[in-house]
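To keep things clear, I will list the structure first and then write my remarks on it.
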Amino acid sequence: MTPSPELRQEQQPALQKSDLKGAKVVSVDDKIAGEVDDVVDQHGAKVAIVEFGGILGFGKTKVAIPVTELALVRAGVAVVPMTEEQVKNLPEYKG
């Protein structure tokens with residue numbers, strides 16, 4: 001299900017905020033690792049702010065994943081080349 005790095009870089013057009021906002025983020029182990037809350041510029045690069053956990057909007061954790069690491073496989077679904085555990089172990093985004 002995960003596109004090769006060559007597919008992500010050469011065949012896929014640049015992803016826009018509107019393509020990603022609200023998309024489910026699926027890990028390479030086919031688990032929903034989170035949802036894209038926003039896309040922001042961080043140090044000159046676009047990053048997707050992915051949130052997970054929490055209940056009813058409280059206690060959610062946010063992490064930043066470079067947009068170049070995501071592949072939109074269909075509307076509302078993006079694949080990230082890491083496991084769910086790796087996503088959840090990324091440093092928390094405090095922006």
Next item on the list: Check whether more than 12 heavy atoms from other residues, nucleotides or ligands sit under 6.0 Å from atom CD of E85, and answer yes or no.
Entry: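 Atom CD in E85 is not crowded, with 12 or fewer foreign heavy atoms closer than 6.0 Å.
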Margin query: Please determine whether the number of non-hydrogen atoms from other residues, nucleotides or ligands lying under 6.0 Å from atom NZ of K21 exceeds 12.
Written below: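 Yes - once you tally the heavy atoms of other residues, nucleotides and ligands closer than 6.0 Å, there are more than 12.
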State, yes or no, whether a side-chain contact exists between [X] and [Y] at a heavy-atom distance under 4.5 Å.
| X | Y | result |
| --- | --- | --- |
| F52 | V25 | no |
| D38 | V36 | no |
| L20 | V67 | yes |
| K62 | D37 | yes |
| V39 | I49 | no |

Check: Between E69 (side chain) and P66 (backbone), is there a donor-acceptor pair under 3.5 Å?
Finding: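 No, because the side chain of E69 does not come within donor-acceptor range (under 3.5 Å) of the backbone of P66.
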Checklist line | Sidechain-backbone polar pair: D19 side chain, Q16 backbone, donor-acceptor under 3.5 Å | finding: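 Yes, because the side chain of D19 sits within donor-acceptor range (under 3.5 Å) of the backbone of Q16.
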Item checked: With sequence neighbours excluded, residues passing side chain to side chain contact (heavy atoms under 4.5 Å, CB included) with L90 ->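 Partners of L90 by the side chain to side chain contact (heavy atoms under 4.5 Å, CB included) criterion, ordered by chain and then number, come out as V63, I65, M82.
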Check: For S27 and E84, which heavy atoms make the closest approach, and how far apart are they?
Finding: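 Where S27 meets E84 most closely, the heavy atoms are CB-N, 3.3 Å.
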Next item on the list: Could you walk me through whether V47 and V40 pass side-chain contact (heavy atoms from CB on, under 4.5 Å), step by step?
Entry: CA-CA 6 Å; V47 294; V40 299; 3.6 Å; yes
Margin query: Using side-chain contact (heavy atoms from CB on, under 4.5 Å), reason through Y93 and E51 one step at a time and then give a plain yes or no.
Written below: CA-CA 9 Å; Y93 176 77; E51 63 181 15; over 6 Å; no
